[in-house]
Q: 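Structure incoming, see below.
Letters A, B, ... mirror the listed sequences (proteins, then strands); counts begin at 1.
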Amino acid sequence: MSALPGTDRSTAVPSPEPVGETIVDWYAGAARDLPWRAPGTDPWAVLVSEVMLQQTPVARVEPVWREWVRRWPTPASLAAESPAEVIRAWGKLGYPRRALRLREAAIAVTERHDGRVPADVAELEALPGVGTYTARAVSCFGHGRRQPVVDTNVRRVVARLVHGRAEAAPARATDLTDIAALAPDDDARAVRFSVAVMELGALVCVAGAPRCPACPVRDRCAWRLAGSPAHEGPPRRVQKFAGTDRQVRGRLLDVLRGADGPVPADALAPVWDDPVQRARCLDSLLVDGLVEQTADGRFTLPG
DNA sequence: GACGCGTGGTT
DNA sequence: TAACCAAGCGT
């Protein structure tokens, strides 16, 4: 870290390397050792990790991901599994519809792509549960393709580093061009850059109290250079959870996950007092395909 | 574009 | 301790 280009010419104006290169260099020494980043991790395993990581913290994903790639090492193996087993194996990662969609994506890959996870972003986006972020992440991290990858971490880094704002704006189409403009020219380094910016946002340029002293590009950050101004505009509404249908659905599904077979409606009553809300949530789980009703009226995970 | 969708750790 | 936060997606 001693001799940056230009620093050996005492009279020259400093010309620091581009911020993208600096962030890639920082990543080499700061990256977490996450299992899905191991060299040789195949695109299917990367897809599984990316879907699990949608809104769920790394620490909770790690053990479940290991179990999934052990049990279902290929798309075809998951495609052949029952929804009930997949929902059970999802455990308490949250948003269990993701588990169903991942299974549906595995079926689509098996049927439409000869069992191989595509590298093309448009083909990836056509898979259930795969959106703008996940498609590019799989193309880039799973297949090594140069792709701009924008998640909430990247939006926050760009908001501060480039635009001088305290918080990320809602997702926009220009996010992709913003981050692509910072990527190194070399393709292999551009791939590293995509994961490196996410890591910077996850470890240093965090939402709560950013650790600017540890930031490799702190001296070129538009937000710091502007004096770290506070966020302007309405505060983001944090979604409620207590008392919502989401909480009730979670409790209902928790009972069914733990049950050996179909359970009668009476067995579900204790999880929530309000019978109207309880019935509504059970119905929505049926509609989502997360729950099935047997001929005799009991409830179970879908076989 | 706003909203609904789980869960649990951190502050 | 209630609020905040965590690699989004689909409608």
Side-chain angles (χ1 to χ4, degrees), chain A residues 27 31-32 34-37 41 45-65 87 90-102 104-105 124-142 147-158 167-173 175 179 194-203 205-211 231 234-257 271-272 277 280-281 283-285 287-291:
Chain A
Y27 179 78
R32 290 167 294 179
L34 302 177
W36 44 85
R37 289 178 180 166
T41 304
V46 170
L47 173 59
V48 172
S49 78
E50 293 300 342
V51 173
M52 287 182 172
L53 287 163
Q54 293 168 1
Q55 300 287 278
T56 302
V58 164
R60 254 188 293 160
V61 165
E62 208 173 313
V64 181
W65 178 84
I87 293 166
W90 193 256
K92 309 198 84 171
L93 288 182
Y95 296 140
R97 294 188 296 188
R98 289 181 295 167
L100 290 182
R101 292 190 184 126
L102 188 48
E104 289 158 14
L124 284 162
E125 283 182 331
L127 299 174
V130 177
T132 303
Y133 162 76
T134 303
R136 285 166 180 76
V138 171
S139 181
C140 187
F141 310 145
Q147 295 287 352
V149 178
V150 176
D151 72 338
T152 185
N153 289 307
V154 175
R155 278 199 301 280
R156 190 172 55 250
V157 170
V158 170
E167 292 183 19
R172 295 178 169 283
D175 293 340
I179 201 64
S194 287
V195 67
V197 179
M198 290 176 54
E199 194 76 338
L200 186 65
L203 299 180
C205 196
V206 295
R211 301 199 265 278
H231 172 66
R236 288 183 42 132
R237 303 286 286 243
V238 175
Q239 57 181 357
K240 296 289 185 213
F241 179 66
T244 63
D245 286 2
R246 245 169 39 256
Q247 182 179 24
V248 180
R249 284 166 55 105
R251 289 190 181 183
L252 290 170
L253 204 57
D254 196 41
V255 171
L256 297 179
R257 269 196 308 263
V271 308
W272 201 254
Q277 187 176 16
R280 180 175 70 238
C281 290
D283 184 62
S284 76
L285 288 169
V287 169
D288 285 348
L290 285 163
V291 171

Q: With sequence neighbours left out, write down each residue that passes side-chain contact (heavy atoms from CB on, under 4.5 Å) with A:Cys140, or none if nothing qualifies.
A: A:Gln147, A:Val149, A:Val191, A:Ser194

Q: Quick check on contacts: within residues 131-140 of chain A, what sits under 4.0 Å from DNA chain C by heavy-atom distance?
A: A:Gly131, A:Thr132, A:Tyr133, A:Thr134

Q: So, using salt bridge (Lys or Arg N to Asp or Glu O under 4.0 Å) as the criterion, who are the partners of A:Glu62 when residues are at least two apart?
A: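 Only A:Arg66 meet the salt bridge (Lys or Arg N to Asp or Glu O under 4.0 Å) criterion with A:Glu62.
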
Q: Considering only NZ, NE, NH1 and NH2 on the basic side and carboxylate oxygens on the acidic side, decide whether A:Glu199 and A:Arg32 come within less than 4.0 Å.
A: yes

Q: What residues form a side-chain contact (heavy atoms from CB on, under 4.5 Å) with A:Val206, not counting sequence neighbours?
A: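 None.
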
Q: A:Glu104: which residues meet the salt bridge (Lys or Arg N to Asp or Glu O under 4.0 Å) condition with it, sequence neighbours left out?
A: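 Partners of A:Glu104 by the salt bridge (Lys or Arg N to Asp or Glu O under 4.0 Å) criterion come out as none, since no residue qualifies.
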
Q: Taking only residues two or more places apart in sequence, or in another chain, which ones meet A:Ala45 in a side-chain contact (heavy atoms from CB on, under 4.5 Å)?
A: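 A:Ala45 satisfies side-chain contact (heavy atoms from CB on, under 4.5 Å) with A:Thr41, A:Asp42, A:Trp65, A:Val69 only.
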
Q: According to salt bridge (Lys or Arg N to Asp or Glu O under 4.0 Å), who are the partners of A:Arg155, at least two apart in sequence or on a separate chain?
A: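 Checked A:Arg155 against salt bridge (Lys or Arg N to Asp or Glu O under 4.0 Å); zero matches.
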
Q: Hey, are A:Thr244 and A:Arg249 close enough side-chain-wise for a donor-acceptor pair under 3.5 Å?
A: no

Q: Partners of A:Ala169 by side-chain contact (heavy atoms from CB on, under 4.5 Å), sequence neighbours excluded?
A: A:Arg165

Q: Could you tell me which residues satisfy salt bridge (Lys or Arg N to Asp or Glu O under 4.0 Å) with A:Arg172, sequence neighbours excluded, listed by chain and number?
A: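 Partners of A:Arg172 by the salt bridge (Lys or Arg N to Asp or Glu O under 4.0 Å) criterion come out as none, since no residue qualifies.
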
Q: With heavy atoms of chain A within less than 4.0 Å as the criterion, where does contact along DNA chain C begin and end?
A: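 First-to-last contact on DNA chain C, by the 4.0 Å heavy-atom rule, is C:dC4 to C:dG10.
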
Q: Please work out the stems of DNA chain B from pairs that are Watson-Crick or G-U wobble with both distances under 3.5 Å, keeping only runs of three or more consecutive pairs.
A: B:2-5 with C:8-11, B:7-11 with C:2-6

Q: Can you give one letter per nucleotide of nucleotides 6-11 of chain B, 5' to 3': B if a protein heavy atom sits under 4.0 Å from the base, S if only from the sugar-phosphate, - if neither?
A: BBS---

